Amino acid sequence: MRRTHVTRRVTKQRGAVLAEMALVTPILVFMMMATAEVARVFIEHNTLTKAVRAAARHVASNAYQGTTGVVNIGAALRAEAQNLAVYGDLGGGGTPVLTGLAPADITITYVGTDNVEITASHDISGMLGPVLRSLTGGSDTSMVFTLQATVTMKAL
């Protein structure tokens, strides 16, 4: 007798788990995708910062021309630094360290008092594409973000 009572209680709650799972699953999937997206953006920003730092170090160590004490960032040094930031080597070519990064995205300037500044600007889009379509008929959301890294170093 007692066993029948327990069985009846279990059968009444059988659909509750399915309903709870249907409510919780989209939230969990959204949280997992958001975490993955933030991690991907963090890794790409870290890669961009490392590339700009290497280029700034190269320019800072090669900007002085002879013993004149004047900082000179010539076209050859500028091209080397851009190649170093984009491709990871002075000669250029190969695959960029970040997809879509180009030498034109790297800006090299002399900012006075023997300091050189390297700035990189790189656009990335979300994992789901560059535009997140509205499901409710509202306006679409752009998923393109601009990562920027700037490093200033004193010429040696």
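Since the structure is predicted, the reported quantities are computational estimates derived from the model, not experimental observations.
- In plain terms, the two heavy atoms of A155 and A63 that are nearest each other are CB-CB, 4.3 Å.
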Go through it in stages, so that I can follow the logic: the residues are V59 and L77, the test is side chain to side chain contact (heavy atoms under 4.5 Å, CB included), and I'd like the CA-CA distance, side-chain angles, deciding distance and then a yes or no. CA-CA 7 Å; V59 171; L77 182 59; 4.3 Å; yes
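- Of the inter-residue distances, the one linking L23 atom CG with E20 atom CD reads 8.0 Å to the nearest 0.5 angstrom.
- Proximity of a side-chain donor or acceptor of R53 to a complementary backbone N or O of V151 within less than 3.5 Å is not detected.
- Nearest heavy-atom pair, G92 versus Y87, reported as atom, atom and distance to 0.1 Å: CA-CD1, 3.6 Å.
- Atom CE of M127 has more than 12 heavy atoms from other residues, nucleotides or ligands within 6.0 Å.
- Note that CD1 of I124 is 12.0 Å distant from CG of L101, once rounded to the nearest 0.5 Å.
- One N or O on the side chain of N83 and one on the backbone of A79 form a donor-acceptor pair closer than 3.5 Å.
- In the hydrophobic cluster analysis, where Ile, Leu, Val, Met, Phe, Trp and Tyr join through side-chain heavy atoms closer than 4.5 angstrom, L84 is grouped apart from I106.
- Listed here is the closest heavy atom pair of I108 and A81: CD1-CB, 3.6 Å.
- Hydrophobic clustering (side-chain heavy atoms under 4.5 Å, transitive across Ile, Leu, Val, Met, Phe, Trp, Tyr) groups V97 together with F145.
- Atom CE of M153 and atom CG of N115 lie 10.5 Å apart (nearest 0.5 Å).
- For the side-chain contact (heavy atoms from CB on, under 4.5 Å) test with V116, the passing option among N62, V111, I73 is I73; the others fail.
- One finds the OG1 atom of T109 at 7.0 Å from the CD1 atom of I118 (value rounded to the nearest 0.5 Å).
- Note that CG of L98 is 10.5 Å distant from NE2 of H45, once rounded to the nearest 0.5 Å.
- One distance of note links CD of Q82 with CG of L90; it measures 12.5 Å at 0.5 Å rounding.
- Counting all heavy atoms, side chain and backbone alike, A85 lies closest to A55 at CB-CB, 3.9 Å.
- Counting only N and O atoms by type, the side chains of Q148 and S121 include no donor and acceptor under 3.5 Å apart.
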